[in-house]
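Below: the structure, in structure tokens.
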Amino acid sequence: MTDLSAPGQGQGEDARTEELAQRLAAVRSRIATAAESAGRSNRLPALIVVTKFHPAQDIRRLAALGIKDVGENRDQEAAAKALELADLALTWHFVGQLQTKKAKSVARYASAVHSVDRPQLVDALAKAVRNEMESSGRAPLDCFIQVNLEDPADDDGTHRGGAAPADVPVLAEGITRSAGLNLAGVMAVAPLGVPAEPAFEKLAGISARLVAAYPAATAISAGMSQDLEAAIKFGATHLRIGSDILGSRPAVG
């Protein structure tokens, strides 16, 4: 057991845990307030803490504070953390752009991929998950179709990824016909430099059309630190919050 009365590392770790607890409480309060305003106090969205660039020890602290869902956007970092923290009952969400060659690795630890945006990735994930199910007995992989909500006329080189809304049905069909993949719903990142509410309202419409065809695909992964209120207003079921809980990216020594 760490002696928190001793100088040095113990005190630093205890201070960091307290900082995370305060930040987490503030975010949970924002979520509760936004949900109440949206008339959905009894349907709070799931909180995924995005821990990219932060050490595994911070995730261990968050787990002690009750966090179960963790998001990462780089496979190399995520795979190493998942291995190091295998003793914890965590659900790992891959939330970043994913190369097809990384599908095999992601299938080893991720319960969900929030960035499915092209048929080639669907095929790669399906193959990887089937192999992993045979070798390790893993559960099916939840797949969120990432939708690009940017206006094509406003392309300024800051493309944040995702499939065109018109391509969602094709991707949905591919996921649902692939053994080992589960169509969870849609995901999006609000465009930069414009209000988030119109984008999330558009995503809600895309979600409604998807659910009409696939009634179980009700999940909407939307909302980050700066726009979680807008996401909740328009039906987000999963929030991806990083900096408001973990703070600034650690300095590279």
Side-chain angles (χ1 to χ4, degrees), residues 1-34 44-98 102 105-115 138 141-142 144 146 160-161 187 189-190 221-229 231-232 236-253:
M1 179 180 294
T2 302
D3 181 3
L4 297 181
S5 65
Q9 185 178 6
Q11 289 183 342
E13 287 184 352
D14 189 53
R16 177 58 170 163
T17 299
E18 180 60 28
E19 177 191 5
L20 291 174
Q22 292 176 2
R23 287 177 169 273
L24 181 60
V27 168
R28 289 198 185 281
S29 178
R30 286 175 63 193
I31 293 170
T33 299
L44 295 179
L47 173 59
I48 301 167
V49 181
V50 180
T51 53
K52 61 181 181 180
F53 305 124
H54 291 271
Q57 186 58 33
D58 274 352
I59 302 175
R60 194 170 289 280
R61 294 181 180 108
L62 288 167
L65 294 170
I67 290 298
K68 300 294 186 184
D69 293 274
V70 177
E72 289 281 338
N73 74 340
R74 300 191 305 173
D75 170 63
Q76 185 174 357
E77 181 179 354
K81 289 177 179 176
L83 182 62
E84 181 176 347
L85 301 171
D87 59 304
L88 301 178
L90 295 172
T91 298
W92 293 88
H93 300 254
F94 192 87
V95 300
Q97 297 301 294
L98 181 58
K102 297 292 188 178
S105 176
V106 168
R108 294 192 184 106
Y109 61 83
S111 294
V113 171
H114 290 239
S115 50
R138 67 150 293 150
L141 177 73
D142 284 342
F144 292 73
Q146 183 175 357
R160 307 192 79 175
M187 176 275 227
V189 179
S221 173
M224 298 190 293
S225 293
Q226 69 275 17
D227 54 26
L228 69 86
E229 286 85 0
I232 291 172
T237 62
H238 295 69
L239 304 171
R240 309 180 308 275
I241 310 299
S243 59
D244 274 13
I245 293 174
L246 286 148
S248 301
R249 181 187 308 178
V252 178

Under 3.5 Å donor-acceptor, R74 side chain and G96 backbone:
no
State, to 0.1 Å, how close D244 and S225 come at their nearest heavy-atom pair, and which atoms those are.
N-OG, 3.2 Å
Can you tell me how far the OG1 atom of T51 sits from the CD1 atom of I241, to the nearest 0.5 Å?
13.0 Å
Picking from D69, I67, V70, what satisfies side chain to side chain contact (heavy atoms under 4.5 Å, CB included) with V49?
I67
Exam field: side chain R61 to backbone A21, donor-acceptor pair closer than 3.5 Å:
no
With distance as the sole test, does R16 use its side chain to make a donor-acceptor pair with the main-chain N or O of D58 at under 3.5 Å?
no
Could you tell me whether a side-chain N or O of S111 sits under 3.5 Å from a main-chain N or O of T91, the two making a donor and an acceptor?
no
R28 side chain near L44 side chain, heavy-atom distance below 4.5 Å:
no
Where the side chain of Q97 meets the backbone of S115, is there a donor-acceptor pair that is under 3.5 Å apart?
no
Nearest heavy-atom contact between G71 and I48 is N-CG2, 3.5 Å
Quick one: pull up CZ in R240 and CG in L47 and give me the separation to the nearest 0.5 Å.
12.0 Å
Do R138 side-chain atoms and A107 backbone N/O form a donor-acceptor pair below 3.5 Å?
yes
The side-chain hydrogen bond (donor to acceptor under 3.5 Å, both in side chains) partners of R23 (sequence neighbours excluded) come to E19
Report the distance from atom OG1 of T33 to atom CD of E229, rounding to the nearest 0.5 Å.
8.5 Å
Is there a side-chain contact between L141 and V106, using heavy atoms and a 4.5 Å cut-off?
no
Please identify each residue that fulfils side-chain hydrogen bond (donor to acceptor under 3.5 Å, both in side chains) with R60, with sequence neighbours left out.
D87
Are any non-hydrogen side-chain atoms of Y109 and K81 less than 4.5 angstrom apart?
no
Any chance you could lay out the side chain to side chain contact (heavy atoms under 4.5 Å, CB included) test for I59 and E72, step after step, and finish with the verdict?
CA-CA 11 Å; I59 302 175; E72 289 281 338; 4.2 Å; yes
Show the numbers, then the answer: is there a side chain to side chain contact (heavy atoms under 4.5 Å, CB included) between I245 and L62?
CA-CA 10 Å; I245 293 174; L62 288 167; 4.0 Å; yes
Under 3.5 Å, side chain of S29 to main-chain N/O of A25, donor-acceptor pair present?
no
Could you list the residues that satisfy side-chain hydrogen bond (donor to acceptor under 3.5 Å, both in side chains) with T237, not counting sequence neighbours?
none
Residues passing the side chain to side chain contact (heavy atoms under 4.5 Å, CB included) test with N73, sequence neighbours excluded, are K52, V95
Identify, with sequence neighbours excluded, every residue that meets side chain to side chain contact (heavy atoms under 4.5 Å, CB included) alongside A236.
A222, A231, L239
Looking only at non-hydrogen atoms, find the nearest pair between D75 and S105 and report the distance.
OD1-OG, 2.9 Å
Output all residues satisfying side chain to side chain contact (heavy atoms under 4.5 Å, CB included) with A112, sequence neighbours left out; order by chain, then residue number.
H93, H114, D142, F144
